[in-house]
Amino acid sequence: MESSEHGPSVTSPGVASGGTLPPGLTEEEAEEIQVELIKVEDEIQTLRQVLVAKERHAAELKRRLGISPLSEIKQNLTKGWHDVQCSNAYLTASSTLEEIGRSDAYKRTQETLSQAGQMTSAAFSTVGSAIRNRFGEMRNSPSFKSFEDKVENMKYKVMGRSNGESDHSPTSNNAPF
C-alpha cells in the first residue's frame, strides 16, 4: 500500500492476477485501472499522514488548554448520559415506570412485601430469643455444670503444670480463657 515511497510500480495486470485478465477487460483497461488504484492508494496514504499530524496538533492544543484525557472522558460520559436521558426510549421507559409506580397493583404488591418482611423479621427475632433462652437453660443444667467443672479442673491441671505449679494450686490469674 505504500507505493508512493517506492515510486509508481505498474506491473502487468496479467502477472498481478495470476496470468489472466478478468473477463471483459482489455490489457489497456486493466493497466489504467492499475494506475488509478496506485493513485488512490497514494492519496489514502497522504490522508493518513495528514490525519496523524492533525491529531498531534489537536493533542498539543488540548494540552496547552489544560484539557486532560480524564476530563475528556468525563465530558463524553456527561454528554452520553444527557443524550440517553433525552432519547425517546429512555423517556418512554421512564414514563412507563412512573405509571407502574402509581398503579394499584404495584402499591398492593409493595404493601404485601413490606408486611412479609415485617413478619419474617419478627419470626427471626422469636427464633433468636428461643435459641438464647435454650442456651441459658442448658448452661444452668446439671449436665453442663458437671462438664464445665471437668473442663475447669483440666485447665487448672494443665496450666499448673505448664507454669511449674503443683496440681492442687489453681489460680485464675493464669487462665487464658
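A quick note: this is a predicted structure, and the numbers were derived from the prediction, not measured.
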Show the numbers, then the answer: is there a side chain to side chain contact (heavy atoms under 4.5 Å, CB included) between Lys54 and Val50? CA-CA 6 Å; Lys54 294 284 186 184; Val50 170; 4.2 Å; yes

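- Hydrophobic clustering (side-chain heavy atoms under 4.5 Å, transitive across Ile, Leu, Val, Met, Phe, Trp, Tyr) keeps Met119 apart from Phe124.
- Here the CD atom belonging to Glu36 is positioned 9.0 Å from the CD atom belonging to Glu32, to the nearest 0.5 angstrom.
- The backbone N or O of Gln118 sits nowhere less than 3.5 Å from a side-chain atom of Ser121 that would complete a donor-acceptor pair.
- Annotation: side chain of Asn140 is not in contact with side chain of Phe144 (no heavy-atom distance under 4.5 Å).
- For Tyr106, the OH atom counts as loosely surrounded, since its 6.0 Å shell holds 12 or fewer non-hydrogen atoms of other residues, nucleotides or ligands.
- Counting non-hydrogen atoms of neighbouring residues, nucleotides and ligands closer than 6.0 angstrom, the CG atom of Asn133 exceeds 12 such neighbours.
- At distances below 3.5 Å, at least one donor-acceptor pair connects side-chain atoms of Thr126 with backbone N or O atoms of Ala122.
- No salt bridge links Asp149 with Lys145; every basic N to acidic carboxylate O contact stays at or beyond 4.0 Å.
- Judged by distance alone, with hydrogens and angles left aside, the side-chain atoms of Thr120 form a donor-acceptor pair with the main-chain N or O of Ala116 at under 3.5 Å.
- Each of Met154, Glu152, Met159 was checked for a side-chain contact (heavy atoms from CB on, under 4.5 Å) with Tyr156, and the lone residue meeting it is Glu152.
- The structure places CD of Glu99 at 9.5 Å from OG of Ser103, a figure rounded to the nearest 0.5 Å.
- Proximity of a side-chain donor or acceptor of Thr46 to a complementary backbone N or O of Asp42 within less than 3.5 Å is detected.
- For the pair Arg48/Ile44, a side-chain contact is recorded, criterion being any heavy-atom separation below 4.5 Å from C-beta on.
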What verdict does the salt bridge (charged side-chain N to carboxylate O under 4.0 Å, His left out) test give for Arg63 and Glu60, after you've listed the backbone C-alpha separation in whole Å, the side-chain angles of each residue and the deciding distance to 0.1 Å? CA-CA 5 Å; Arg63 185 193 63 77; Glu60 176 62 22; 2.5 Å; yes

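- For the atom pair CD of Glu43 and CD of Glu41, the computed distance is 11.0 Å after rounding to the nearest 0.5 Å.
- Judged by distance alone, the side chain of Ser95 and the main-chain N or O of Leu91 form no donor-acceptor pair under 3.5 Å.
- With hydrogens and angles disregarded, a donor-acceptor distance shorter than 3.5 Å links the side chain of Thr109 to the backbone of Ala105.
- Taken from NZ in Lys79 to CG in Leu77, the straight-line distance is 12.0 Å, to the nearest 0.5 Å.
- Here the closest heavy-atom approach between residue Glu148 and residue Arg139 is recorded as OE2-NH2, 3.6 Å.
- Salt bridge status for Glu111 with Arg108: absent, with no side-chain N to carboxylate O gap under 4.0 Å.
- Remark: side-chain polar atoms of Thr92 are paired, donor with acceptor, to backbone N or O of Asn88 under 3.5 angstrom.
- There is no path of hydrophobic side-chain contacts, each under 4.5 Å, that joins Val151 to Met138.
- No side-chain heavy atom of Thr26 sits less than 4.5 Å from a side-chain heavy atom of Leu21.
- Two residues are said to be in side-chain contact when any heavy atoms from C-beta on lie closer than 4.5 Å; Ser71 and Gln75 fail this criterion.
- One finds the CG atom of Asn76 at 12.5 Å from the NZ atom of Lys74 (value rounded to the nearest 0.5 Å).
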Do Leu25 and Ile33 pass the side chain to side chain contact (heavy atoms under 4.5 Å, CB included) test, and can you show the C-alpha distance, the side-chain angles, and the key distance before you say yes or no? CA-CA 10 Å; Leu25 281 182; Ile33 292 173; 4.0 Å; yes

Stepwise salt bridge (charged side-chain N to carboxylate O under 4.0 Å, His left out) check, Glu137 with Arg134: CA-CA 5 Å; Glu137 291 171 8; Arg134 185 68 182 137; 3.2 Å; yes

